Asks: 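Take a look at this one; I'll ask things after.
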Amino acid sequence: MAPKVLVTRLLPPKTQARLLEQNFELIQWKENSSIPRDVLLEKIQGVDALFCLLTEKIDNELLDRAGPQLKVVATMSVGYDHINVDAVKSRNIKLGYTPDVLTDSTADLTVLLALGASRRIKECIQAAENGLWGKWGPTWLCGTQFTNKTLGVVGLGRIGEAVAKRLQAFGISRVIYSGRTKKSEQVEARLNAKYVPFDTLLTESDVIVVCCALTKETENLFDYKAFSKMKRTVVFVNSARGGIVLQDDLVRALEENLIGAVGLDVTTPEPLPPTHKLYSFPNCLILPHVGSATMETRENMANMTLENILAGLKEEKLPYSIY
Ligand code: DGY
C-alpha cells in the first residue's frame with residue numbers, strides 16, 4: 001500500500017512537480033493560506049509522513065491524532081520553535097528541518113533591514129511617493145552609516161556570522177556577540193569577533209542584530225530594560241523570531257525615543273495587523289517575514305524537506321535531521 005503523506009501547502013514549482021511524481025497517497029492543502037488547525041487535525045489522521053511549515057504547531061494533540069504509524073515530520077524551515085521536539089522524539093518519529101540553505105538569503109535581508117532602517121528608507125520612500133520631495137537639503141532625511149561602528153550580534157550562528165561578514169563590508173570595525181556559548185577561536189578569528197556579556201552588547205553596540213533561535217532562554221529577551229540600556233542612536237534589527245522581543249516594550253521604547261531605528265522581519269503575531277501601533281513609527285521598518293524569500297532558497301528548502309520525507313518513509317536516517 002502506498003504511504004500517506006500530508007503536505008500543508010503548495011510547494012515552489014520544481015519541488016511541487018517532483019512531489020507529484022512520487023509514489024505516495026498525497027494529501028495536500030492547496031489554498032493560498034495556512035491550513036486551519038481543525039483541518040490539519042482531521043487530515044493528519046493515519047498519515048505516515050508530515051511535510052509542514054513554521055505556521056503549523058506540532059504538539060502532543062496533533063501527534064495523538066496522527067496515530068502510531070507516523071514515521072517522519074519534516075518542516076520546511078530552519079527554525080523549529082513551532083515543534084514540541086521532545087514530544088516528537090519520545091514517539092520515535094524522525095524530525096527534519098532545512099539548515100544552511102537559507103543562510104545567505106536571510107543574511108541579505110537582515111542587512112537590507114539594517115541599512116534601510118539606518119538610512120530612513122521608509123521615510124524616504126514615503127516622501128518620494130507622497131509629493132514631499134522638496135529641494136535637496138543639507139540634513140533632510142539624514143540617517144547614519146556603519147563606518148567605524150560596533151556591531152552586536154545576538155546569536156553568532158550561521159546566519160549571525162553571515163550578517164556580520166556582510167556588514168563588515170559596509171565599514172563595521174568591531175564585532176561583538178552574545179549567546180549561550182562562546183564560539184571557537186576559528187569562528188572568532190574569521191570576524192575578529194569578541195564574546196561579551198549581553199549587557200555589554202546592549203550598551204556598546206551601534207547596530208544590534210538578533211539572529212538567535214527562539215527558546216525559553218531567549219523569549220522576551222529584548223524588554224524595556226534591555227532597550228533602556230542601548231545607545232539612543234542604536235539600529236536594532238530582528239530577523240529571527242518575533243517572540244524574542246517583548247513587543248509592547250519595543251513600542252514604549254520607540255515612543256520614548258530610546259532607539260534610533262528599528263528593522264523587523266518578524267513580529268508577534270504574524271501577520272501583524274495593519275492597525276498595529278508599530279507601523280506608526282517612521283523609524284520602524286517592518287517586513288512580512290520574508291528573510292528566506294528567494295525562489296532559489298525556497299526551492300532548496302522544499303527539496304530538502306522532500307528528501308527528509310523520502311528518507312523517513314524508508315526508515316533511513318534523515319539527511320537534515322534535528323536530532
Ligand atoms: C525559517 O526557516 O525558520 C525562517 O524563519 C523562514 O524564513
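In this text, all values refer to a predicted model and were calculated from it rather than measured experimentally. FYI, the numbering just counts along the sequence from 1. Numbering of ligands and ligand atoms starts at 1, following listing order.
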Asks: Can you say whether the rings of F227 and F236 are parallel (under 30°), tilted (30 to 60°) or perpendicular (over 60°)?
Replies: perpendicular
Asks: Is the terminal nitrogen or CZ of K89 (NZ for Lys, CZ for Arg) located under 6.0 angstrom from the six-membered ring centre of Y323 and within 45° of that ring's axis?
Replies: yes
Asks: Taking S228 for the side chain and Y224 for the main chain, is one N or O donor matched with an acceptor at less than 3.5 Å?
Replies: yes
Asks: Would you please test E270 and R241 for salt bridge (charged side-chain N to carboxylate O under 4.0 Å, His left out) and show each step?
Replies: CA-CA 10 Å; E270 289 182 11; R241 285 291 183 268; over 6 Å; no
Asks: Does D86 come within less than 4.0 Å of R91, counting only side-chain N to carboxylate O?
Replies: no
Asks: Strictly under 4.0 angstrom, heavy-atom based: which residues surround ligand 1?
Replies: L54, S77, V78, G79, L102, R241, H289, S292, M301
Asks: Tell me whether E161 is salt-bridged to K165, with the criterion being a basic N under 4.0 Å from an acidic carboxylate O.
Replies: no
